[in-house]
There are 2 protein chains.
Amino acid sequence: MKRATIYSIAQACGVSASTVSRAFSRPHVVNVEVRERIHAKARELGYQPNKAARGLVTGRTGMIGLLVPDITNPFFPPLVRAIQQAAAARDAAVLLVDAEESAAAEPQLVKRLQGQVDGLVIASPRSSSPLRDAAQGLPAVVINRRIRGVPAVICDNTYALRGAGRHLEDLGHRRVALLRGPSASWSARQRADAIHSWARSSRTALVDLGPFPASFDGGLAAATALLRTKCTAAFAFDDLMACGVLAGLVQGGVSVPEDFSLVGCDDVLLASTVTPQLTTVAAPVERLGEAAVDLLHRHSNGGPVEEIRLDGELVLRASTGPAAGRRRSA
Amino acid sequence: MKRATIYSIAQACGVSASTVSRAFSRPHVVNVEVRERIHAKARELGYQPNKAARGLVTGRTGMIGLLVPDITNPFFPPLVRAIQQAAAARDAAVLLVDAEESAAAEPQLVKRLQGQVDGLVIASPRSSSPLRDAAQGLPAVVINRRIRGVPAVICDNTYALRGAGRHLEDLGHRRVALLRGPSASWSARQRADAIHSWARSSRTALVDLGPFPASFDGGLAAATALLRTKCTAAFAFDDLMACGVLAGLVQGGVSVPEDFSLVGCDDVLLASTVTPQLTTVAAPVERLGEAAVDLLHRHSNGGPVEEIRLDGELVLRASTGPAAGRRRSA
DNA sequence: TTGAAAGCGCTAACAC
DNA sequence: GTGTTAGCGCTTTCAA
């Protein structure tokens, strides 16, 4: 027994295929009674419209492509979920593409999506104009970066990082380090700028270190660098790096938050599963995902190239404390 | 300017559309010279075959559905990546569906995939026969569970857990706890069985605790229970739970590995980013993903209902140490 | 409100 | 090796 089609249903109901089609795509234009009969039959036969066929004629596939640089990075899974959820709410499915940390591969990957998807959500912070070329003609939005002519939704941590800075200042820290993320990363620059901006208006000296890889090992390296300074606190680029810093500090005999305060960024799962739990800036991932899909939708329908900014939120936890001065040093 | 089709290329090259079609689908059957001309033109025009159209006639969409229960759980991202990668190698794309921890929603979600995908990889450990019904007629494979009539690839931790047990025994532990995962989870049962089987053949007493939720908080709860026992070591259901146990132990003034040894399972990112790094059983995720896609492929082409078992591997790290007896207790 | 017919872009016989 | 033809399942004019 083959899958039901509008024809099998039409035949079973004694109507034409177009009526069946309409019963699904524009229900209100078909006679109530007929419509119900059709729907009933469809349910009985387990009918599912063939999206490929529909896509062929409408030119829309009902799918959106999602490009992530590295799904293994704990920042992305919740975002992927949010996007998938938002897409589902619009009756769209998500085609996931993981670039496996290779920015160079991205344009190629994007190209392969051409024609398979109605639009593209680019959650990758790196790579640049090649991407725009590859997306030629494909509506796209980017997350946490800017590409000229492409709508963007960005998480603005400026305000929250300033708050984090004040928090450190209030705790008595007078010399704090900025552990930079990869220089190619838009977020890394944005965060560094925000922190510098805060430092200028504070009584605190800022020691700019890095860039370090945005990874646990990057954090380990950062910790080593950190131990050579007189800082009593640090901003890590993100939570993953912060975990590395934490481990490195512990190795170096420095305990957090007694001897040293650390603030992360993003509030990924890691941030609340390490000890001490990380003071961090939470990214509003659900809203980011929702906004991205919404923006994509609007842009696909001729909407303007907007930029949506969503604020990160400072979350105070256990990795920051009073500046007691470092008891020991490396 | 519209997208190129086999027709526009055919016209530009002075050949028929079928020749163009063949130049892509079965290149060797068309004259080398003509073929090259076609390919050149295609490249020039940025031609991308329309998969929907192809799917309509061949009945294959070139997509595989991937159902995960909770992409937010650190076990899944690497698996998703592996599956995506394996699919890409077979020129297939991955449609990701996150069940958001609702096993009840899964059959519904699967149903929506009907006709959109050529096959289904079910990475969800829960829910049951409704799933099989929903997948009606859709080739599927499951990961880490068994459903009658459905090919499976499972990670067998029996051997590695036995090794972990011996490791604890060698370290002098004589009373160890098993912190069970959710009773609905196939993996949880498998692991519990493996550990019981090891314990029976050892000089070690096993204290069976739980079930606990497979989460950080579940681990916290497990730690509380643990502190009431005289155990000097424990198997956590997975690394995430182990992290919770670790945090709970620290809170209770018990330090790991000095006072207590802990072994996790899966070797997710968390396992190597906490301090101390977790001794755990690593799941061969890349091979799991590869095997799942391969199995799906073979099964779709009429292959038998096989089961592929892949062994987990014991990874010794810093969370296990000599049984010194607990110094303090709650 | 409904039906007939054309066509979306592609593949797969089948002839040449 | 290549062209012709039919048709995959659906939507969408256009008439009735």
Qualifying salt bridge (Lys or Arg N to Asp or Glu O under 4.0 Å) pairs with a residue from residues 4-18 of chain B, counting only residues at least two apart or across chains
none
What one should report as the nearest heavy-atom pair of A:Val117 and A:Leu138 is O-CD1, 3.5 Å
Once hydrogens and angles are ignored, does a donor-acceptor distance under 3.5 Å link the base of C:dA12 to the side chain of B:Ser21?
no
To the nearest angstrom, the CZ-P distance between A:Arg26 and C:dT1 comes to 12 Å
Could you give the CZ-to-C1' distance, from B:Arg22 to C:dC14, as a whole number of Å?
11 Å
Rounded to the Å, how far apart are A:Phe24 CZ and D:dC10 P?
9 Å
Atom of B:Ala123, atom of B:Phe76 and distance for their closest heavy-atom approach:
O-CE2, 3.3 Å
In whole angstroms, the gap separating P of C:dT2 from CD of A:Glu33 amounts to 10 Å
With the criterion being N/O to N/O and under 3.5 Å, what pairs connect the protein with nucleotides 7-9 of chain D, and how long is each?
residue, atom, partner, partner atom, Å
D:dC8, O2, B:Val57, N, 3.3
D:dG9, N2, A:Ala53, O, 3.2

It should be established whether A:Thr19 places a side-chain nitrogen or oxygen under 4.0 Å from OP1 or OP2 of nucleotide C:dT2.
no
Considering only heavy atoms and no angle criterion, is a donor-acceptor pair shorter than 3.5 Å present between the side chain of B:Arg35 and the base of D:dG1?
no
Specify the separation, in whole Å, of atom CZ of B:Arg60 and atom P of C:dG9.
23 Å
Quick one: is B:Ser16 getting a side-chain N or O under 4.0 Å of the D:dT2 phosphate, OP1 or OP2?
no
Using five base pairs at each end, measure the axis-to-axis angle across the helix from C:dT1-D:dA16 to C:dC16-D:dG1 and round it to 10 degrees.
30°
Listed partners of A:Lys51 passing salt bridge (Lys or Arg N to Asp or Glu O under 4.0 Å), at least two apart
none
Show the nearest heavy-atom pair for residues B:Ala86 and B:Glu290, with the distance to one decimal.
CB-OE1, 3.5 Å
Within 6.0 angstrom of B:Gln11 CD, more than 12 heavy atoms from elsewhere
no
Distance, rounded to the nearest Å, where B:Ile38 contributes CD1 and D:dG1 contributes P:
13 Å
Minimal heavy-atom distance between A:Lys41 and A:Cys13, with the atoms involved, is CB-SG, 3.7 Å
For residues 53-73 of chain A, the side-chain hydrogen bond (donor to acceptor under 3.5 Å, both in side chains) pairs (sequence neighbours left out) are A:Thr61-A:Asp118, A:Asp70-B:Arg81
Could you note down all residue pairs passing salt bridge (Lys or Arg N to Asp or Glu O under 4.0 Å) where residues 16-26 of chain A supplies at least one of them, sequence neighbours left out?
none
